[in-house]
Structures are given as structure tokens and as C-alpha cells.
Peer 1: 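I have a structure here, written as C-alpha cells, and I will follow up with some questions on it.
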Amino acid sequence: MNGNQNAEDKTGVSRKNLLLNGIVILLCVVLGIQIVTFFRESSDYLKGPETDEALLIQWVSYQNYARLLEDVYRYEALGVPVEGDMAQIYSAAYYYEAAMLYNAHQKAGNAQQAEEKFAQMQTYEEQLGEYAFVKEEIWAFLGMETENIK
């Protein structure tokens with residue numbers, strides 16, 4: 001009886017070892033796949049986003065100038081080149097920023113800072129090109145009256 005019991009014990013132990021080895025191999029394969037996925041996604045993230053002109057145009061059409069300005073600054077920080085109509089879209093974002101600050105300084109009674117921002121508004125207005133329509137939209141968006149603008 002001892003011979004049969006020893007053979008069964010050895011078979012049981014080898015089955016357990018085989019099962020454990022299989023689980024370890026499976027977990028190593030899953031871990032390897034996760035590592036490859038991680039590095040693939042992180043390398044895409046480190047490249048930074050390409051400028052999506054359509055997205056910036058969408059922000060203009062939705063009058064979401066704060067998001068437009070945020071994206072423009074992010075693209076600048078990443079060193080994304082300005083191509084095509086992008087310069088005009090960037091000017092629209094900068095015009096919004098200058099108009100917003102002009103409005104705030106004017107309401108606060110800071111005449112000198114308001115004049116500086118107004119000069120910036122004029123500079124960016126000249127660069128708007130086909131996006132010149134945003135000037136009136138920004139004024140309306142900020143609640144600025146045309147008579148109160150210098």
C-alpha cells in the first residue's frame with residue numbers, strides 16, 4: 001500500500017507544481033502585456049498633443065474663449081508650431097484675455113492698466129483677420145458696452 005500511496009503523492013505534488021508553474025507563467029504574460037501597454041501609452045503622452053486647429057475653431061464657434069485661451073497657452077508651452085490660420089485663432093484668444101483684463105481694470109478704476117490692455121486689444125485686433133467677428137462676440141460675452149470702450 002505504501003507504494004501506491006507514494007505514487008499518488010508524487011503525482012499529486014507534480015500536478016500541484018504544474019498548476020502553480022502554469023499560474024506563474026500566466027501572470028508573467030499578463031504583467032508583460034501591461035508593461036508594454038504602459039510604455040506605449042506613456043510615450044504617446046510624452047510626445048504632447050498635436051495642435052488640433054478644428055478643436056480651436058470649435059471653441060471659437062461655441063464662444064468658449066476661456067478654453068481657447070487655455071489650449072493656446074498649452075500649445076505654446078509644448079512648443080507646437082503655429083501654422084495656417086492658427087495665428088489668427090491665437091490672436092482671438094489673446095484678444096479675449098486682453099479684453100477681459102481691460103474690462104476688469106476699467107471696473108476697478110485702474111486707468112493705467114486698462115489703457116495698457118486696450119493697447120494690447122488693438123494690437124490683437126489687427127491680427128484677427130477673418131476672425132474679426134469675435135471682437136463683438138467677446139464684448140457681448142464680457143458684458144462690455146461699446147460706448148464704454150475707449
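Just so you know, these numbers use all the heavy atoms, side chains as well, and skip hydrogens, waters and symmetry mates. These figures come from a predicted structure and were not determined experimentally.
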Peer 1: If the condition is side-chain contact (heavy atoms from CB on, under 4.5 Å), which residues does Gln127 pass it with, not counting sequence neighbours?
Peer 2: Ser91, Thr123, Tyr124

Peer 1: Could you give the distance from CG (Leu68) to CD (Glu97), rounded to the nearest 0.5 Å?
Peer 2: 11.0 Å

Peer 1: Nearest 0.5 angstrom please: Leu101 CG to Lys117 NZ, how far?
Peer 2: 5.0 Å

Peer 1: Does some side-chain heavy atom of Phe141 sit less than 4.5 Å from a side-chain heavy atom of Val134?
Peer 2: no

Peer 1: Indicate the atoms forming the closest heavy-atom contact of Ile89 with Glu53, along with that distance.
Peer 2: CD1-CG, 4.0 Å

Peer 1: Between atom CD of Glu115 and atom CE of Met121, what is the distance when rounded to the nearest 0.5 Å?
Peer 2: 13.0 Å

Peer 1: Taking the side chain as every heavy atom from C-beta outward, state whether Leu27 and Ile23 have any pair of such atoms under 4.5 Å apart.
Peer 2: yes

Peer 1: Can you tell if the side chain of Met144 reaches within under 4.5 Å of the side chain of Tyr102, non-hydrogen atoms only?
Peer 2: yes

Peer 1: With Tyr96 as reference, evaluate Trp139, Tyr73, Tyr131, Tyr65 under the ring pair (Phe, Tyr, Trp, His ring centres under 6.0 Å) test and give the passing residue.
Peer 2: Tyr65

Peer 1: Could you state the interatomic distance from CG (Asn17) to CZ (Arg15), rounded to the nearest 0.5 Å?
Peer 2: 12.5 Å

Peer 1: Just how far is it from atom OH of Tyr90 to atom CG of Asp85, taken to the nearest 0.5 Å?
Peer 2: 12.5 Å

Peer 1: What about Phe38 and Ile35, same hydrophobic cluster or not, with Ile/Leu/Val/Met/Phe/Trp/Tyr joined at side-chain heavy-atom distances under 4.5 Å?
Peer 2: yes

Peer 1: Please round to the nearest 0.5 Å and tell me the distance separating atom CE of Met100 and atom OH of Tyr95.
Peer 2: 13.0 Å

Peer 1: What are the two closest non-hydrogen atoms of Val72 and Ala93, and how far apart are they?
Peer 2: CG2-CB, 3.8 Å

Peer 1: Suppose we screen for salt bridge (Lys or Arg N to Asp or Glu O under 4.0 Å). Which residues come up paired with Lys135, at least two apart in sequence or across chains?
Peer 2: Glu125

Peer 1: Asn103 side chain to Ala99 main-chain N or O, any donor-acceptor pair under 3.5 Å?
Peer 2: no

Peer 1: For Leu55, which residues count as a side-chain contact (heavy atoms from CB on, under 4.5 Å) partner, sequence neighbours excluded?
Peer 2: Asp52, Gln58, Trp59, Asp71, Tyr75

